[in-house]
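Structure provided below as structure tokens; questions to follow.
Counting convention: from 1, in listed order, for ligands and their atoms alike. When reading the values below, keep in mind they use all heavy atoms of this one structure, side chains included, and skip hydrogens, waters and symmetry mates. Sequential numbering from 1 along the given sequence is applied to the chain's residues. Fair warning: this is a prediction, and the values are worked out from it, not measured in the lab.
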Amino acid sequence: MNLLWAFRLTMLSLLVCAVALTQVQPPWEAGKPRWYKGNLHTHTVNSDGDSTPTEVATWYREHGYQFLALTDHNYKTDVVALNAIHGAREKFLIIPAEELTDQYLKRPIHINAINLETEVQAQHGDSVAATIQRDVDIIRAAKGLPSVNHPNFHWAITAKDMMGIKGLKLFEVFNGHPTVNNNGGGGSASLDQMWDELLTGGQRLYGIGVDDAHVFKKTGQEFSNPGRGWVVVRAKSLTPAAITEALENGDFYSSSGVNLLDVQTSGVEYKIEINARAMEKFTTTFIGEGGKVLATSFDTIPVYKFSGNEKYVRARVDSSFGLSAWTQPVFRR
Ligand SMILES: [Zn+2]
Ligand SMILES: [Zn+2]
């Protein structure tokens, strides 16, 4: 190869690189909010998981997630070294967290603490509600964002127990663990029904979807495997502060497999854009006070026009594939 050709090839490869760079350069950089996918509930060998923190982080990083909270039982994993390995800037973030693991009369009361500064321990209380409140308070004191986990696990927590809890903005409306009874039954409320009871009662709560993964080394419906529930958060940057701020403000959606392109609310409407796969059909239900169905749509861009009388409006998108997404309530009065 002569020098001229070597020069031409170098210029060509530089041009290709430049084109590739402009193509992967996201348009939302420069401080504009963008969507980040993450899982807020996962275990490692630091409690009852089967894999090390770095194995768990690797699984999520390699499966298209941008952030992860490692939530071991009463144990806050140090994420500094992990982030140095996995978290090349703006690519993958591990948020410090812990699953505060408490109980009241053998009813498991598990509260996730997301982005907390110091490890906290179960505070106990003289009722389910008092236990939740005391645990939420200690998490807030440690600058963490509390979330009530899997309320129907052992049928431990009802909507009444969560009503009136101060400092609580999040609960799990979907948990991928096989024994957590997301759908209720036998006379017990589903997590969707609980959510509406709470919102109707004036508790401003957002619903997260999580894995609660423990098992990475074998796969099956009976195992709490990863990849079943997640949140997609609209944040200004991939930092613990920006992600937790968006969660606190309800600027995210939750999923057990339905992908959305966008969620927009204005003074007049609530609009969702669904990212449909081949042959996938959808039913979107807009839900208001008392769990009442306000509207139903089969569109891939369902839109609900506010009537002006709603207390709140949220939506659930159910796919023909047996998967769902939950968008957050907007409070109208
Ligand atoms: Zn738990
Ligand atoms: Zn857990």
Side-chain angles (χ1 to χ4, degrees), residues 38-53 55-57 59-60 65 67-77 79 94-116 119-125 128-129 131-136 138-139 144-158 161-162 165 168 170-184 188 190-191 194 205 207-218 220-231 247 254 256:
N39 175 35
L40 296 168
H41 192 163
T42 322
H43 295 270
T44 76
V45 290
N46 286 337
S47 62
D48 51 356
D50 73 352
S51 298
T52 63
E55 286 171 327
V56 170
W59 191 94
Y60 284 95
Y65 291 70
F67 68 91
L68 172 68
L70 295 175
T71 53
D72 279 302
H73 296 287
N74 295 327
Y75 186 91
K76 177 176 170 279
T77 297
V79 300
I94 301 149
I95 299 172
E98 171 188 343
E99 183 171 12
L100 206 164
T101 306
D102 207 340
Q103 59 167 303
Y104 173 75
L105 299 180
K106 295 196 175 162
R107 290 157 82 175
I109 295 164
H110 296 182
I111 318 284
N112 264 4
I114 300 155
N115 195 26
L116 78 174
E119 188 172 283
V120 292
Q121 294 302 323
Q123 296 298 295
H124 314 300
V128 171
T131 307
I132 296 171
Q133 186 66 70
R134 287 170 58 84
D135 289 338
V136 164
I138 195 81
I139 291 166
L145 175 60
S147 171
V148 170
N149 298 349
H150 46 60
N152 276 346
F153 180 52
H154 289 220
W155 307 104
I157 299 172
T158 65
D161 298 320
M162 283 188 274
I165 300 289
L168 181 66
L170 301 178
F171 90 117
E172 288 179 354
V173 69
F174 177 86
N175 178 306
H177 194 287
T179 65
V180 293
N181 306 307
N182 293 320
N183 296 330
S188 291
S190 70
L191 300 183
M194 270 192 209
L205 209 58
I208 64 172
V210 301
D211 275 339
D212 200 357
H214 293 68
V215 181
F216 293 76
K217 298 201 186 297
K218 49 191 176 182
Q221 274 308 310
E222 68 273 40
F223 302 122
S224 52
N225 290 142
R228 293 177 182 166
W230 58 84
V231 289
L247 288 165
S254 299
S256 65

Q: Please state whether the separation between the Zn ion (ligand 2) and some N/O/S atom of His41 is under 2.8 Å?
A: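 So His41 counts as coordinating the Zn ion (ligand 2), yes.
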
**Q.** Between His177 and His150, ring centroids under 6.0 Å
**A.** no

Q) In Asp212, the N, O or S atom nearest to the Zn ion (ligand 2) is which? A) OD1

**Q.** Residues Asp102 and His124: side-chain donor-acceptor under 3.5 angstrom
**A.**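 Asp102 vs His124: donor-acceptor pair found between side chains.
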
(Q) Quick one, Val210 and Trp230 - any side-chain contact, counting heavy atoms below 4.5 Å? (A) no

**Q.** With the Zn ion (ligand 2) as the apex, the OE1/NE2 angle for Glu99 and His43 - to 10°
**A.** 90°

Q: Going by the side-chain contact (heavy atoms from CB on, under 4.5 Å) test, name the single residue among Val45, Leu70, Asn46 that passes it with Val56.
A: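 One option only clears the test, and that one is Leu70.
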
Q | Heavy-atom side-chain proximity of Arg107 to Ile157 below 4.5 angstrom | A |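 When only atoms from C-beta onward are counted, Ile157 and Arg107 do not touch, as no gap falls below 4.5 Å.
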
Q. Is the distance from the Zn ion (ligand 2) to the nearest N/O/S atom of His150 under 2.8 Å?
A.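 Checking the Zn ion (ligand 2) against His150, no N, O or S atom falls under 2.8 Å.
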
Q | Contact flag His110/the Zn ion (ligand 1), N/O/S atoms, threshold under 2.8 Å | A | yes

